[in-house]
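Down below is the structure, laid out as structure tokens.
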Protein chains: 2
Amino acid sequence: MNNWTTRTPLSEAQEDYLKQILLLGSGGNETGRLEDTLAVSTQSLAEQMQVRPASVTGMLKKLAELGLVVHEAYRGVRLTEAGYKVALEVLRHHRLIECYLHQALGYGWEEVHAEAEKLEHHISEAFEARIAEWLGHPSHDPHGDAIPSATLELPQSNPSCRLSGLERGAFGLVVRVATQDQDALNLLAHLGLRPGASVQLLEHLREGSRIQVGQERYLLPTALAQVLWIEEGGPRG
Amino acid sequence: MNNWTTRTPLSEAQEDYLKQILLLGSGGNETGRLEDTLAVSTQSLAEQMQVRPASVTGMLKKLAELGLVVHEAYRGVRLTEAGYKVALEVLRHHRLIECYLHQALGYGWEEVHAEAEKLEHHISEAFEARIAEWLGHPSHDPHGDAIPSATLELPQSNPSCRLSGLERGAFGLVVRVATQDQDALNLLAHLGLRPGASVQLLEHLREGSRIQVGQERYLLPTALAQVLWIEEGGPRG
DNA sequence: GATTATTTTTAGGTATAACTAAATCTTTGT
DNA sequence: ACAAAGATTTAGTTATACCTAAAAATAATC
């Protein structure tokens, strides 16, 4: 374990592992506190990174040597404070870039992920600072994900629940679209199910949830209903 | 030699080699025509890329296999049409990014090079198109270097000469600052010797050239006087 | 034609990050 | 409690990309 806070620049793969450990450990709900994250299994990381479990073990070993994770064999991996910081930094880059592409360059909110995924590893702190400034230090990205501040604090979010967990007849506002699947994003964008959209839940069925968005009614498969996070509230603001 | 126009994505290093072959082969004066470029020596490439000549030979072999350069042993290397296209594409990315950092994000013209150097390899064609549009399809970057168009044509430049070649008493406009050395850029920026600045040449001395910029007079070392390209013209526009 | 400088070849090194196969550990079901 | 199933680790391999030093080959110059 290396304690010297030295910044041997991490590889792209290493940064991605740390980011995924944070995301998986948060169960999609980052609280901003390392203590609230769970240990992540080798398996789930392997799936997420599209790699064999053995490859994950290898990488975790390296990250553990760097003092960025604690890996208890057979029990999963957790970030250390240092690793958590790096992961938040990467997340900040990613989400700021998404914001910037959307607001400054006119990308659709469903298009920004792929470009941000590449760029997040290659921008300087100066660049980060400049776009954050230009954007007015936003708290959330175009998908509704919270953006860590320059000091790596996460902003508070209002209570919300998955669309699939909404009660019959309830109204609400989409506050977050929690998927990175490009096809899912395209579909949701086409239906107008973007952050800020107003929806009503009509009924839950075995195949999915029947909902109303504007004048249109859709039967949304459960897989998709689970990625939409809703803030409950009266009909159409 | 691979003729299939396939786009096996090139590595960062490969793109950098191609770019440097173009820059060195143009002697700092790109005409936009491959025929006007000279063969580049292994040595000069090695210096530019900060590696040993043997490494250059190795890389040239690989690039030749990809059909991007023609390497005549012991006689130097030239770009093929395909390699020339790639090099221009990289140059376009680099210079557009420099413009964008300067105009959209407020970077100083002397600061943009380093950031662009990293980003040029990691932006998509969509990103390139969007920033080109935002900028209004500029023809030159903040250093005065010509930007290849979307179709990879280089814009015509007005005739110009090095400050070191100017005649005694002549007036002119800085149109290009042809160095990537950060310290040189900083120094020139501090003296106000940026593209667009008006200068008069007072006299040439052994140590350099005495010049006047605004109210100030400087003795500019020859090494620096050679990177400043001047368009001759009457005193202060 | 010999000397010098440059270039290429050869052989080998480093680093990253992936993989497979086999061994080992943990969990689960009976 | 134990066996089977599943997950994880170990060990050894592969592939890529890049680099180097030293020896051999070539070109240029006197």
Side-chain angles (χ1 to χ4, degrees), chain A residues 1-2 6-21 24-25 38-78 83 86-87 90 117-118 120-122, chain B residues 1-2 6-21 24-25 38-79 83 86 90 117-118 120-122:
Chain A
M1 191 188 330
N2 285 322
T6 317
R7 284 261 173 202
T8 310
L10 300 172
S11 72
E12 209 169 315
Q14 288 170 334
E15 288 184 354
D16 281 334
Y17 272 94
L18 293 174
K19 184 176 72 171
Q20 288 306 337
I21 293 168
L24 289 171
L38 303 169
V40 174
S41 73
T42 302
Q43 179 90 333
S44 58
L45 261 175
E47 278 162 21
Q48 202 66 29
M49 307 286 300
Q50 304 264 53
V51 142
R52 308 265 146 224
S55 310
V56 172
T57 304
M59 179 57 92
L60 295 184
K61 212 168 156 186
K62 214 161 298 171
L63 292 174
E65 273 170 24
L66 293 170
L68 297 169
V69 304
V70 177
H71 183 209
E72 250 188 287
Y74 296 99
R75 314 212 79 104
V77 67
R78 323 183 64 117
V86 174
V90 175
E117 197 69 21
K118 286 180 302 180
E120 64 188 2
H121 307 291
H122 302 290
Chain B
M1 193 190 327
N2 284 324
T6 318
R7 285 260 172 203
T8 310
L10 299 172
S11 72
E12 209 167 315
Q14 288 170 331
E15 289 184 352
D16 280 335
Y17 272 93
L18 293 173
K19 185 175 74 172
Q20 289 306 337
I21 293 169
L24 289 171
L38 303 168
V40 174
S41 72
T42 301
Q43 180 89 334
S44 58
L45 263 174
E47 278 163 20
Q48 201 67 28
M49 307 286 301
Q50 304 263 52
V51 293
R52 308 272 140 213
S55 311
V56 173
T57 304
M59 179 57 92
L60 294 184
K61 215 168 155 184
K62 213 161 298 171
L63 291 174
E65 272 169 26
L66 293 170
L68 297 169
V69 304
V70 176
H71 183 207
E72 251 188 287
Y74 297 99
R75 316 209 78 103
V77 67
R78 322 180 64 115
L79 297 169
V86 174
V90 175
E117 198 70 21
K118 286 180 301 183
E120 62 187 2
H121 306 291
H122 302 290

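Every chain is numbered from 1, with letters handed out A, B, ... down the list of sequences.
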- Task: Can you figure out which of D/dC19, D/dA21, C/dA17 approaches the side chain of A/Q14 most closely?
- Result: C/dA17
- Message: Please report the distance, rounded to the nearest Å, between CG in B/L60 and P in D/dC19.
- Response: 11 Å
- Note on the structure: note: B/Y74, atom OH; C/dT9, atom P; distance rounded to Å ~ 6 Å
- C/dT7 phosphate, OP1 or OP2: any side-chain N/O from B/R75 under 4.0 angstrom? no
- Task: Output the single nucleotide from C/dA21, C/dA17, D/dC18 whose closest atom is nearest the side chain of B/K62.
- Result: D/dC18
- Message: Name the residue from B/L68, B/V40, B/L18 that meets the side chain to side chain contact (heavy atoms under 4.5 Å, CB included) definition with B/L79.
- Response: B/L18
- Task: Take A/L10 and A/L66 through the test side chain to side chain contact (heavy atoms under 4.5 Å, CB included) and record every step on the way to the result.
- Result: CA-CA 10 Å; A/L10 300 172; A/L66 293 170; 4.0 Å; yes
- Message: How many whole angstroms separate atom CZ of B/R52 from atom C1' of C/dG12?
- Response: 17 Å
- Query: What's the closest nucleotide to the A/A54 side chain, out of C/dA21, D/dA22, D/dT26?
  - Reply: C/dA21
- When all nucleic acid strands are considered with a 4.0 Å heavy-atom cut-off, which category describes A/T42: base, sugar-phosphate, or nothing? sugar-phosphate
- Note on the structure: To the nearest angstrom, the CD-C1' distance between A/E12 and D/dT16 comes to 15 Å
- Item | Least distance between heavy atoms, B/Y17 atom then B/L63 atom | CB-CD1, 3.9 Å
- Using the side chain to side chain contact (heavy atoms under 4.5 Å, CB included) rule, take B/Q48 and B/K19 through it: C-alpha gap first, then chi angles, then the decisive distance, then the call. CA-CA 11 Å; B/Q48 201 67 28; B/K19 185 175 74 172; over 6 Å; no
- 5'-most by nearest nucleotide on DNA chain C - A/A73 or B/G58: B/G58
- Identify whether any heavy atom of A/S11 sits under 4.0 Å from a base atom; if not, whether one sits that close to sugar-phosphate; answer base, sugar-phosphate or nothing. sugar-phosphate
- Which nucleotide, D/dC19, C/dT27, C/dA17, lies nearest any side-chain atom of A/M59? C/dA17
- Message: Looking at A/S55, I'd like to know whether one of its side-chain N or O atoms comes within less than 4.0 Å of OP1 or OP2 on C/dA18.
- Response: no
- Can you find a side chain N or O atom of B/H71 that sits less than 4.0 Å from OP1 or OP2 on C/dT8? yes
- A/D16 has an atom CG; how far is it from atom P of C/dA17, in whole Å? 10 Å
- Query: Atom CD of B/E65 and atom P of D/dT16: how far apart are they, to the nearest Å?
  - Reply: 12 Å
- Message: Without decimals, in angstroms, what is the distance between B/K61 NZ and C/dT8 C1'?
- Response: 9 Å
- Report the distance from atom CD of B/E47 to atom C1' of C/dT7, rounded to the nearest whole Å. 14 Å
- Out of D/dA7, C/dT7, D/dC19, which nucleotide sits closest to the side chain of B/Q43? C/dT7
- Task: Take B/V56 and B/E47 through the test side chain to side chain contact (heavy atoms under 4.5 Å, CB included) and record every step on the way to the result.
- Result: CA-CA 10 Å; B/V56 173; B/E47 278 163 20; over 6 Å; no
